[in-house]
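Right, one structure below, let's go through it.
No experiment lies behind these values; they were computed from the predicted model shown.
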Amino acid sequence: MPPRSGLQRVYETSLALLTDLYQLTMAYGYWKTGRHTMESVFHLYFRKHPFEGGFTIACGLQNAMDFIEQFRFHDDDLQYLATLQGNDATPLFEDAFLEHLRDMKFCCDVDAVREGTAVFPQEPLLRVRGPIDQCQLLETPMLNLLNFQTLVATKAARICLATRGEPVLEFGLRRAQGIDGALAASRAAYVGGCAATSNVLAGLHYGIPVKGTHAHSWVMSFDDEEESFREYAQAMPNNCIFLVDTYDTLNGVRKAIRVGKWLRDNGHKMVGVRLDSGDLAYLSKQARQLLDEAGFEDAIIVASNDIDEHIIASLKEQGGTIALWGVGTRLATAFDQPSLGGVYKLSAVRPAGCADWQHRIKLAEQRAKITTPGVLQVRRFRDESGFVGDAIWDETTGIDPDCTIIDPMDGTRRKTLAPNTDYEDLLVPVFRDGARVYDSPPLPTTQARVQQQLEQFHDGVKRFVHPHEYPVGLEAQLHELRTSLILAARNSEETF
């Protein structure tokens, strides 16, 4: 028996019903009309960067693959579905359809962007190709598994950029949205660049380093603050970062120094102090002076207290002397933007017996919501300076050597890339005919990929305020195809 995946170890039951009901009603409709074997292509993408930023970090693929590998309907799933009723109080699904679900063998091809890759609006993070009912049933779980982790990994990357290389600890478990939200957040935060987490369960399941010392309650349980530090030092002399703001912060630092000397005299080391309230810029500078004067130049100052990339950047500008950053609520909950807004859209179909794909497009009143047809791939170009542009192209029509990309939101904005420009196609095979063909790298390798990716972008792309817009566009042939389909659809309807 193969080893249990990360998801299996957390959820011991089937996850096949982790979906919206309309996915099942559409699957039933496909089956009922005999269209369920029609081949289809769906893409998962987002329309706008989170946090008003200039980049997004793809994350969650490992959990998505775990889900797909175990995707099957069990007896208890089907027994529950058999109880559902329509508006006329009769069963919603025929028994024969439930048997179809029981016998369903996943046979789709799945291609995806590697975790830790910087991605941009309109670019597919995931492409699913196969029988339309199977592709449809993956929509909700894929969005659930990729949207949130991509959001948190992006937030973590921004926070780590703000600290300018100083380590970040993820402390968000107690404020996260439930068990699965906390685990997903800890994993994604690590991918995005965090050095460790306070979440011990995430440490077990994902191999993330775990860190933590004591809270205010430890100090408050003693009659004297210095006694609390000394007792903790005696209990755990190899894990001493003292939380010094339970009463008076700078007096707390002085007491920590006295206990630090006791540790040093007994062959141990005080790692540092933590500030969790107040003016962190002022207090960190004062604490640094006290520590240095007492001979604790190597003791670090840790800061927490609802901080994010903007607060960190401000503290840096004010000369704060913080060396380690504990970020909780605003990271694990993606506090200032609670969802990514990813979508999963049909872009092509191929009925049984047809050799060619039939492109599909959805129109909308908002230009950003008009979909892109085709079997899509993303090609990232680079020169000696780094990444210079991404082309979204259709594998059914190909891509010209001298590729011109056209902004899907503004057809007058174009960029041509020389034929000899180096490139990488971002979507890689993950499943073929339902079998997994991709081995995920270790999580530290994925984390390193984030840093490697960000180093290849102009600094303006990483700016927090009004970032530079990295060039991403539709390859010219795809742009023309999309435009023709839009015009054809609009000419067949009253549109004004």
Item to check | From CA spacing to verdict: side-chain contact (heavy atoms from CB on, under 4.5 Å), His310, Phe464 | outcome: CA-CA 8 Å; His310 302 291; Phe464 297 152; 4.0 Å; yes

Item to check | Arg175/Arg330 under side-chain contact (heavy atoms from CB on, under 4.5 Å): CA gap, chis, key distance, verdict | outcome: CA-CA 9 Å; Arg175 304 282 173 75; Arg330 294 177 182 269; over 6 Å; no

Item to check | Trace of the side-chain contact (heavy atoms from CB on, under 4.5 Å) decision for Val110 with Leu126 | outcome: CA-CA 7 Å; Val110 180; Leu126 192 77; 3.6 Å; yes

Next on the checklist: Run Glu424 and Arg114 through salt bridge (charged side-chain N to carboxylate O under 4.0 Å, His left out) and show every step you take.
Outcome noted: CA-CA 12 Å; Glu424 173 191 10; Arg114 293 180 177 90; 3.3 Å; yes

Checklist entry - After noting the C-alpha distance and the side-chain angles of Leu137 and Leu24, does the key distance pass the side-chain contact (heavy atoms from CB on, under 4.5 Å) rule? => result CA-CA 7 Å; Leu137 289 169; Leu24 286 159; 3.8 Å; yes

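Expressed to the nearest 0.5 Å, how far CE of Met26 lies from SG of Cys135 amounts to 12.0 Å. A distance of 8.0 Å separates CG of Asp422 from CG of Asn420, quoted to the nearest 0.5 Å. Here the straight-line distance linking atom NZ of Lys105 with atom CZ of Arg72 works out to 9.5 Å at 0.5 Å rounding. Here the OG1 atom belonging to Thr197 is positioned 8.5 Å from the CZ atom belonging to Phe171, to the nearest 0.5 angstrom.
In terms of heavy-atom proximity, Ala16 sits nearest to Thr19 at O-CG2, 4.1 Å. Across all their heavy atoms, Pro467 and Gly53 have their closest contact at CG-C, 3.4 Å. Across every non-hydrogen atom of Ile301 and Ser284, the tightest pair is CD1-O, 3.3 Å. Between Ala185 and Val152 the shortest heavy-atom distance is O-CG1, 3.6 Å. The two atoms that bring Cys108 and Pro131 nearest to each other are SG-CD, 4.1 Å, heavy atoms only. Residue Ile57 comes nearest to Ala118 through the heavy atom pair CD1-CA, 4.1 Å, listed as atom of the first residue, atom of the second, then distance.
With hydrogens and angles disregarded, no donor-acceptor distance shorter than 3.5 Å links the side chain of Arg47 to the backbone of Val343. Checking side-chain atoms of Gln136 against main-chain N and O of Ile132 turns up no donor-acceptor pair under 3.5 Å. Between the Ser40 side chain and the Gly130 main chain, a donor and an acceptor come within less than 3.5 Å of each other. In this structure, the side chain of Glu475 engages the main chain of Gln477 through a donor-acceptor pair within 3.5 Å. The main-chain N or O of Gln23 is never found under 3.5 Å from a side-chain atom of Asp20 such that the two would form a donor-acceptor pair. In terms of modelled atom types and a separation under 3.5 Å, the side chain of Asp400 and the main chain of Asp402 share no donor-acceptor contact. Panel note: side chain Asp425, backbone Leu427; no donor-acceptor pair is recorded below 3.5 Å. Using modelled atom types, no side-chain atom of Gln358 and backbone atom of Val349 make a donor-acceptor pair closer than 3.5 Å. Put simply, the side chain of Arg350 gets close to the backbone of Ala355: a donor and an acceptor are under 3.5 Å apart. Glu170 places a side-chain N or O within donor-acceptor distance of the main-chain N or O of Gly172, the cut-off being under 3.5 Å.
Look at Glu115 and Arg449 and you find no salt bridge, because none of the NZ, NE, NH1 or NH2 atoms lies under 4.0 Å from a carboxylate O. Remark: Lys316 engages Glu166 in a salt bridge, criterion side-chain N to carboxylate O under 4.0 Å.
The side-chain tip of Lys155 points at the ring of Phe51 from less than 6.0 angstrom away and within 45° of straight on.
In this structure, the side chains of Leu243 and Asp245 come closer than 4.5 Å at one or more pairs of heavy atoms. Using a 4.5 Å heavy-atom threshold, the side chains of Val271 and Ile300 count as touching.
For Phe120 and Tyr470, the distance between ring centers is under 6.0 angstrom. The aromatic ring centres of Phe55 and His49 sit 6.0 Å or more apart. Between Phe71 and Phe431, the distance from one ring center to the other does not fall under 6.0 angstrom.
The closest side-chain donor-acceptor pair between Gln62 and Asp66 falls under 3.5 angstrom. Using a 3.5 Å distance cut-off with no hydrogens or angles, the side chains of Gln453 and Gln456 do not pair a donor with an acceptor. Using modelled atom types and a 3.5 Å distance limit, the side chains of Asn239 and Thr213 yield no donor-acceptor pair. There is a side-chain donor-acceptor pair under 3.5 Å between His359 and Asp394.
Around NE2 of His214, the count of heavy atoms belonging to other residues, nucleotides or ligands within 6.0 Å exceeds 12. For Phe457, the CZ atom counts as densely surrounded, since its 6.0 Å shell holds more than 12 non-hydrogen atoms of other residues, nucleotides or ligands. Within 6.0 Å of CZ in Arg35 there are 12 or fewer heavy atoms belonging to other residues, nucleotides or ligands. Atom NZ of Lys362 has more than 12 heavy atoms from other residues, nucleotides or ligands within 6.0 Å. Heavy-atom contacts from other residues, nucleotides or ligands closer than 6.0 Å to CD of Gln318 number more than 12. Counting heavy atoms of neighbouring residues, nucleotides and ligands inside a 6.0 Å radius, atom CG of Asp356 does not exceed 12 of them.
Taking the six-membered ring where the residue is Trp, Tyr344 and Phe42 present parallel rings, their angle staying beneath 30° rather than reaching 60°.
Of the candidates Thr56, Leu376, Val378, Thr372, Glu123 forms a side chain to side chain contact (heavy atoms under 4.5 Å, CB included) with just one, namely Val378.
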